[in-house]
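Throughout, a chain's letter reflects where its sequence line sits, starting with A, and its residues are numbered from 1. The structure displayed is predicted, hence computed values, not measured ones.
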Amino acid sequence: MRGWTEERIRDLVSRLETFREGCRVTTLAEVERESRSPFQLLVSCIISLRTKDEVTNAASRRLFQLAQTPQALAKLKPVEIAKAIYPAGFYRTKAAQLQQLASLLCAEHNGAVPANERDLLRLPGVGRKTANLVLGLGFGVPAICVDTHVHRISNRLGLVSSTSPKETEQQLARWLPRDLWIPINDLLVTFGQNRCHPTSPRCSGCPVTDLCPRVGVTRHR
DNA sequence: AAAACGGGGGC
DNA sequence: GCCCCAGTTTT
């Protein structure tokens, strides 16, 4: 992307890493510390729907006390799942979805999470964001996980110029150094949650204003 | 009372 | 591409 040399993106990443160290709430860093399995990542993704990350993490941990594998989860009653994840909201829908997913994995994938994008995307409730997160963090396969934070901030910073998450993913894949594909998600998500908010970016005091072409612009797609 | 929390699916 | 979906927590 125009203006983004390798040196510049490395500088950005380095500063976002420093920024993250000062954040109370981080996302994937926390997940990584807990060494979650691909299945657990998948479950967390589904719980995270319309739910704050702190709440998602707490709900996930409670559910994992009951079941850590598709086999175990498939045996739980939906009401037990719902109870475990309750504060995350939409608990009945999510419970049904989680159980359906666990059962399907047992029935059609020998109780394992598939390690390729095509099969992941066929699972109910799994789209590009979830599939790429599981591929990246769960299996170590270079994949760019684009959620709303990554989409918004990639556009603000001019890393891409796109109107959809899918387009953002494609544009990033075109030039972003491959070793950054996995870590870029957590860096931008943490930055997005703690500073570069959707409607109020708080540019004053931002650690990367000098790299940002849209300082002070508060309206974004 | 209102806002924030976001991705997948169906068409 | 556009619309729909579903509840809790925070302000």
Side-chain angles (χ1 to χ4, degrees), chain A residues 23-31 36 38-63 78-105 108 113-114 116-138 143-156 160-172 184-202 218-221:
Chain A
C23 292
R24 194 176 64 80
V25 177
T26 60
T27 57
L28 302 185
E30 186 172 348
V31 169
R36 279 187 196 169
F39 177 66
Q40 289 177 312
L41 291 168
L42 195 50
V43 169
S44 291
C45 276
I46 288 171
I47 293 175
S48 76
L49 177 79
R50 208 105 165 116
T51 301
K52 288 184 168 64
D53 282 334
E54 293 168 279
V55 179
T56 298
N57 282 328
S60 298
R61 274 188 219 104
R62 283 226 307 281
L63 181 58
V79 62
E80 294 178 295
I81 303 175
K83 205 171 180 179
I85 66 173
Y86 169 78
F90 308 125
Y91 47 88
R92 274 184 286 263
T93 306
K94 290 175 182 174
Q97 203 178 345
L98 286 168
Q99 231 222 358
Q100 185 197 354
L101 184 59
S103 302
L104 193 150
L105 288 174
E108 298 184 16
V113 178
N116 68 82
E117 182 176 355
R118 196 201 55 184
D119 288 339
L120 279 168
L121 289 174
R122 282 192 192 154
L123 299 174
V126 177
R128 301 205 61 78
K129 182 261 181 178
T130 302
N132 284 330
L133 186 124
V134 171
L135 281 174
L137 285 186
I144 303 174
C145 173
V146 177
D147 57 25
T148 62
H149 295 291
V150 174
H151 179 57
R152 178 183 74 254
I153 296 169
S154 292
N155 276 284
R156 279 184 183 169
V160 299
S161 176
S162 84
T163 55
S164 72
K166 173 146 192 207
E167 206 182 338
T168 294
E169 185 190 323
Q170 291 168 339
Q171 291 185 18
L172 285 174
I184 196 72
N185 177 280
D186 186 44
L187 290 170
L188 294 185
V189 171
T190 303
F191 180 54
Q193 290 182 150
N194 292 284
R195 151 101 25 203
C196 195
H197 302 276
T199 55
S200 169
R202 299 205 296 138
T218 54
R219 294 192 62 81
H220 302 269
R221 50 181 162 230

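- Rounded to whole Å, the distance from CG on A/D53 to P on C/dT10 is 14 Å.
- Panel note: side chain A/R122, backbone A/E117; no donor-acceptor pair is recorded below 3.5 Å.
- With contacts defined as side-chain heavy-atom distances shorter than 4.5 Å, the pair A/N185/A/V146 does not qualify.
- The shortest heavy-atom contact between A/H149 and A/Q193 is NE2-CG, 3.7 Å.
- For the P atom pair drawn from B/dG10 and C/dA6, the interatomic distance equals 14 Å after rounding to whole Å.
- Residue A/L121 contributes atom CG, which lies 15 Å from atom P of B/dG7 at whole-angstrom precision.
- Between A/D147 atom CG and B/dC5 atom P there is a gap of 12 Å when expressed in whole angstrom units.
- In this structure, A/A131 and A/V126 approach most closely via the heavy-atom pair N-CG1, 3.8 Å.
- Among the protein residues, A/P124 comes within range of the sugar-phosphate backbone only, with heavy atoms under 4.0 Å from sugar or phosphate atoms but none that close to a base.
- Within the nucleic acid shown, A/V55 has no heavy atom closer than 4.0 Å to any nucleic acid atom.
- Between the C1' atom of B/dG6 and the CZ atom of A/F90 lies a distance of 9 Å, rounded to the nearest Å.
- Within 4.0 Å of A/T130, counting heavy atoms only, lie sugar-phosphate atoms of the nucleic acid but no base atom.
- A close approach under 4.0 Å does not occur between any side-chain nitrogen or oxygen of A/H151 and OP1 or OP2 of B/dG6.
- Rounded to whole Å, the separation between the C1' atoms of B/dG8 and C/dT9 comes to 23 Å.
- Distance NZ (A/K129) to C1' (B/dG8): 11 Å, rounded to an integer number of Å.
- Taking a cutoff of 4.0 Å between a charged side-chain nitrogen and a carboxylate oxygen, A/E169 and A/K129 do not qualify as a salt bridge.
- Between A/L137 and the choices A/L41, A/D186, A/N132, the side chain to side chain contact (heavy atoms under 4.5 Å, CB included) rule is met once, by A/L41.
- Picking from C/dA6, B/dG7, C/dT9 the nucleotide with the shortest atom distance to the side chain of A/T148 gives B/dG7.
- No option in A/Q100, A/Q99, A/R92, A/K83 other than A/Q99 meets the side chain to side chain contact (heavy atoms under 4.5 Å, CB included) test with A/P78.
- Both key distances under 3.5 Å define a Watson-Crick or G-U pair, and stretches of 3 or more such consecutive pairs in DNA chain B run B:1-5 with C:7-11, B:7-11 with C:1-5.
- Rounded to whole Å, the distance from CD1 on A/I46 to P on B/dG6 is 16 Å.
- Here the side chain of A/K94 pairs a donor or acceptor atom with the backbone of A/A88 at under 3.5 angstrom.
- Taking the nucleotide of DNA chain B with the nearest heavy atom to each of A/V126 and A/H149, the more 5' of the two is matched to A/H149.
- OP1 or OP2 of B/dG7 has not a single side-chain nitrogen or oxygen of A/R128 nearer than 4.0 Å.
- The side chain of A/Y91 places an N or O atom within less than 4.0 Å of a non-bridging phosphate oxygen (OP1 or OP2) of C/dT8.
- For the P atoms, the distance from B/dG6 to C/dT11 is 15 Å, rounded to whole Å.
- Per the geometry, CD belonging to A/Q97 stands 16 Å off P belonging to C/dC5, to the nearest Å.
- Between the NZ atom of A/K94 and the P atom of C/dC5 there is a distance of 17 Å, given to the nearest Å.
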